[in-house]
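Heads up: the structure comes next, in structure tokens.
Remember, it's 1-based here, ligands and their atoms both numbered in the order they're listed.
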Amino acid sequence: MVQQLMRARGVEAQPENLLIGYGSGQILGLLPQVFVEPGDMVIVEGPTFMGAVSRFAAAGARLISIPVDGEGMVVDCLEEVLRELARQGIRPRFIYTIPTFHNPRGCTLSWPRRQKLVQLAAEYGVVVVEDEAYYDLRFVGDPLPSLAALDEEGWVLHVGTFSKIVVPGVRVGWACGHPEIIRRLEMFRSEGSLGPFLGRVVARYCGEGRLESHIQLLIRRYREKCHLMLEAIAQCFPPEVKVEAPGGGFFIWCELPPPLSADALLQATRALGVTFLPGTHCFADGQGDHALRLAFSYQPEERILSGIQIVGEQLYKLMGQR
Ligand SMILES: Cc1ncc(COP(=O)(O)O)c(C=O)c1O
């Protein structure tokens with residue numbers, strides 16, 4: 001099944017390229033053990049999925065954050081950082097990126113940036129870990145090739161998961177990459193392999209074309225909920241709040257006009273029963289109080305509408321406009 005999914009992402013994977021684990025979270029958590037000694041440099045995005053990045057930090061990695069805009073990681077910035085590090089004789093241990101329907105930013109790495117990122121990885125000899133948790137949940141347009149599909153030299157380690165396309169409780173994920181990296185990840189996986197039961201449940205569910213039709217169903221649901229949330233935001237939020245429509249995934253990222261604070265906003269909305277992820281939980285370097293991540297995937301329609309209305313009212317209140 002994973003081989004089939006990787007084929008759809010442009011990669012012909014052999015068994016020696018693949019490792020199955022308890023969710024992609026387990027595999028991301030193994031990365032520091034394979035790659036990082038305390039003090040080693042790891043490049044991440046800002047904002048990023050701190051669920052993974054906090055594990056890198058806990059292993060003693062020194063983190064450098066590269067900004068992310070509407071087209072994904074700003075690879076020109078990455079190039080400058082890699083050049084400067086090379087000048088100092090430092091080779092980062094890896095670059096962690098979420099190219100498609102970014103968590104939390106909702107954006108997708110553009111085609112030219114994908115090409116440049118893979119080219120930089122080869123030029124500077126740095127592994128790129130591409131976390132494609134949301135790759136299949138596309139609402140509009142055609143899929144872009146995964147970084148692994150563009151990589152001819154084995155620098156990209158692709159990480160995927162079934163938890164976003166089957167159900168969240170199904171903690172089955174995979175890594176696909178150079179056999180040597182896969183072998184080392186496997187060595188550190190002290191829990192052992194997935195076990196035949198869960199593996200068979202997923203394989204059986206995914207057989208007979210059921211996964212594909214289930215993904216189509218999820219896409220329809222999430223697309224509707226995303227539109228609903230965007231429309232509610234357009235009606236309820238002050239126009240100064242910057243919002244971009246994501247092309248897929250779970251999240252809408254909002255940037256607040258200065259001096260508004262997402263943490264202060266959360267304090268106000270939480271008292272009214274509405275929560276969101278403040279940007280301060282999305283940056284390795286403590287930034288992010290100017291932004292928030294809204295998730296449309298879980299809550300039913302009526303809760304999305306009432307939630308956005310409450311956040312909007314509190315935004316106006318904080319701005320002193322109402
Ligand atoms: C970007 C990203 N990577 C990985 C994961 C972890 O997924 P899994 O359920 O497979 O551990 C998540 C879950 O929220 C995520 O958003």
Side-chain angles (χ1 to χ4, degrees), residues 1-2 5-6 9 18-33 42-58 63 65-66 68 72-73 94-109 128-138 146-148 156-177 185 189 191 193-195 198-199 201-202 205-206 211 214-215 218 222 226 246-253 275-279 281-284 288 292-299:
M1 192 64 222
V2 172
L5 283 167
M6 286 310 299
R9 296 174 186 197
L18 294 174
L19 179 78
I20 310 292
Y22 290 99
S24 53
Q26 183 200 23
I27 291 167
L28 294 168
L30 291 173
L31 293 173
Q33 295 180 57
V42 169
I43 295 184
V44 300
E45 296 172 314
T48 185
F49 172 52
M50 286 304 293
V53 170
S54 55
R55 312 273 286 271
F56 311 157
L63 302 171
S65 296
I66 306 294
V68 177
M73 186 199 283
F94 62 90
I95 300 164
Y96 172 63
T97 178
I98 308 161
T100 311
F101 315 134
H102 193 279
N103 178 5
R105 185 68 174 67
C107 58
T108 291
L109 191 66
V128 175
V129 177
E130 73 163 333
D131 180 352
E132 284 291 25
Y134 303 94
Y135 185 87
D136 294 306
L137 298 175
R138 169 176 293 279
S146 64
L147 299 175
V156 175
L157 180 72
H158 182 104
V159 180
T161 179
F162 285 96
S163 72
K164 317 294 180 204
I165 52 175
V166 180
V167 279
V170 171
R171 300 198 49 80
V172 182
W174 72 90
C176 175
L185 283 169
R189 195 179 49 169
E191 300 93 332
S193 73
L194 191 61
L198 198 48
V201 170
V202 172
Y205 178 81
C206 296
L211 180 63
H214 183 63
I215 291 174
L218 290 178
Y222 291 145
C226 178
F250 284 5
F251 308 114
I252 295 174
W253 181 251
T275 61
F276 54 79
L277 190 71
H281 290 219
C282 304
F283 285 83
L292 52 124
R293 186 198 79 177
L294 299 171
F296 50 79
S297 50
Y298 181 67
Q299 297 292 347

Per-atom contacts, ligand 1 versus [X] - under 4.0 Å to a heavy atom:
X: Thr161; result: 8 (P), 10 (O)
X: Gly25; result: 6 (C), 8 (P), 10 (O), 11 (O)
X: Ala133; result: 2 (C), 3 (N)
X: Gly23; result: 10 (O), 11 (O)

Which segment of Ser24 sits under 4.0 Å of ligand 1 when only heavy atoms are counted: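 Both parts.
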
Side chain, backbone, both or neither: Tyr134 near ligand 1, heavy atoms under 4.0 Å: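 Just the side chain.
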
Could you find the nearest protein heavy atom to [atom] and give me its residue, atom name and distance?
atom: atom 13 (C) of ligand 1; value: Lys164 NZ, 2.8 Å
atom: atom 5 (C) of ligand 1; value: Phe49 CE2, 3.6 Å
atom: atom 9 (O) of ligand 1; value: Ser163 OG, 2.7 Å

Value rounded to 0.5 Å, distance of CZ in Phe49 from NE2 in His102: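 So the CZ of Phe49 and the NE2 of His102 are separated by 11.0 Å.
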
CG on Asp136 to CG on Leu211, rounded to 0.5 Å: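 CG of Asp136 is found 7.5 Å from CG of Leu211.
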
Ring pair (Phe, Tyr, Trp, His ring centres under 6.0 Å) assessment of Phe251 paired with Tyr134: CA-CA 10 Å; Phe251 308 114; Tyr134 303 94; 5.7 Å; yes

Option with minimal heavy-atom separation from atom 1 (C) of ligand 1, where the choices are Leu28, Asp131, Thr100: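 Heavy atom nearest to atom 1 (C) of ligand 1 belongs to Asp131.
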
Donor-acceptor contact present, side-chain [X] to main-chain [Y], <3.5 Å:
X: Arg189; Y: Ile20; answer: yes
X: Ser163; Y: Val170; answer: no
X: Glu130; Y: Ala148; answer: yes

His214 and Tyr205 aromatic ring geometry - parallel, tilted or perpendicular at 30°/60° bounds: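 Perpendicular, since the angle between the ring planes exceeds 60°.
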
Phe94 and Phe56 aromatic centres sub-6.0 Å: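 Distance test on ring centres: under 6.0 Å, yes.
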
Short N or O distance, Tyr22 and ligand 1, threshold 3.5 Å exclusive: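 Not met; the criterion fails.
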
Under 3.5 Å: N/O of Gln26 near N/O of ligand 1: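 It does not: no N or O of Gln26 is found under 3.5 Å from an N or O of ligand 1.
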
